[in-house]
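All remarks here apply to the structure that follows.
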Amino acid sequence: MSRAGLWLDCRHRAPGAAAGTHDGEAHAVEDVLPPVGRPARPEYLSRGGVAITGPVHGPAAGRRLLRGLLAAHSATEVARRYVVEYPAPVVDALVNAALDRIGGWEAKAMRDRAGVAGAHLLYDVLRRELASPQWTRALDRGLAAPGLLVSTRPMAGPDRGAEYARQCLLPGAAVALAPGALRSFADDDSAPRTSTVDLAEARRVVGILDWFGISLDALHGPATPSTPAR
């Protein structure tokens, strides 16, 4: 996989806002997610033409989506590149709510850990799927390899969004930041430009959440995973 990348997330800007309001930050990013118009398009595209699919909230959903993507697209569609969106703050919010219902200091200690852990696990799922014989054959035919996009909106403010970026800028993946979070991240001279995959910690977090009866693969957020339209 290649280097990690930052994307500018303008999806929550009003579609009718003046062009270029936040585009001054775009010089530091790889791609831009433009405002979402209405009616929603069946397939949302970044400004660079990348198709956004998902979102998914756990590894199993990511695996199903990747396999569905492989089955749905033929070698005639090699020009289209896809990324699987993983909304880390949404995962944290869903898990935090479940932990709050359980109560106790042990549950409280696990707040705000699931989002990053899930990103690392989903990243590993993506690597494993792309190494499978089915994907290897598809890639040899010219099908573009899908990537991982960790999004930080809604729910994450500038400082928290920058923190997600520091922990989820995995090699070959991308993190989508709102303008304020992008500035916060850029202002931090100590921020890494690539994060280290930590599957041991991610599995530890997920194991503890399983002990509480919380499974990332059972999460249902504001949007459900979807396979892109052909």
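Basis for what follows: all heavy atoms, side chains included, without hydrogens, waters or symmetry-related copies.
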Side chain proximity check, [X] to [Y], heavy atoms < 4.5 angstrom:
X    : Y    : result
L148 : V83  : no
L70  : L143 : yes
P55  : V90  : no
L177 : Y164 : no
I52  : L149 : yes
L33  : C10  : no
W135 : L126 : no
Y82  : L69  : yes

Between the main-chain N or O of [Y] and the side-chain N or O of [X], is there a donor-acceptor pair closer than 3.5 Å?
X    : Y    : result
S184 : A162 : no
Y123 : G172 : no
Y86  : G54  : no
S151 : E85  : no

| Can you list the residues that meet the side-chain hydrogen bond (donor to acceptor under 3.5 Å, both in side chains) rule with D31, with sequence neighbours excluded? |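 Scan of D31 (side-chain hydrogen bond (donor to acceptor under 3.5 Å, both in side chains), adjacent residues dropped) gives S46.
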
| request: Quick one: which residue pairs count as a side-chain hydrogen bond (donor to acceptor under 3.5 Å, both in side chains) with a foot in residues 203-215, not counting sequence neighbours? | output: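 Of all non-adjacent pairs touching residues 203-215, those that pass side-chain hydrogen bond (donor to acceptor under 3.5 Å, both in side chains) are E201-R204.
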
| said: Show me the pairs that pass salt bridge (Lys or Arg N to Asp or Glu O under 4.0 Å) and involve residues 106-120, at least two apart or across chains. | reply: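 Checked against salt bridge (Lys or Arg N to Asp or Glu O under 4.0 Å) - neighbours excluded - the pairs reaching residues 106-120 are D100-R111.
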
| field | Check against side-chain contact (heavy atoms from CB on, under 4.5 Å), V29 and W7 | value | CA-CA 5 Å; V29 300; W7 288 25; 5.5 Å; no

| said: Applying the side chain to side chain contact (heavy atoms under 4.5 Å, CB included) criterion to R128, which one of L130, D124, V125 satisfies it? | reply: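 When side chain to side chain contact (heavy atoms under 4.5 Å, CB included) is applied between R128 and each of L130, D124, V125, only D124 qualifies.
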
Euclidean distance, [Y] [atom2] relative to [X] [atom1], rounded to 0.5 Å:
X    : Y    : atom1 : atom2 : value
S195 : L169 : OG    : CG    : 5.0 Å
L170 : H120 : CG    : NE2   : 4.5 Å
I214 : L219 : CD1   : CG    : 8.5 Å
L122 : L216 : CG    : CG    : 10.0 Å

| Could R137 and D140 be called an ion pair, given the rule that one side-chain N must be under 4.0 Å from one carboxylate O? |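 Looking at D140 together with R137, the answer is no, because their closest N to O distance does not fall below 4.0 Å.
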
| request: Indicate yes or no: does E163 engage R160 in a salt bridge with an N to O separation below 4.0 Å. | output: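 Salt bridge between E163 and R160, a charged N being under 4.0 Å from a carboxylate O: no.
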
| task | Decide yes or no on side-chain contact (heavy atoms from CB on, under 4.5 Å) for E30 and L6, but give the supporting numbers first. | result | CA-CA 6 Å; E30 183 179 282; L6 289 171; over 6 Å; no

| When you look at T152 and D9, which way does the side-chain contact (heavy atoms from CB on, under 4.5 Å) test go after all the steps? | CA-CA 9 Å; T152 65; D9 192 344; 5.8 Å; no

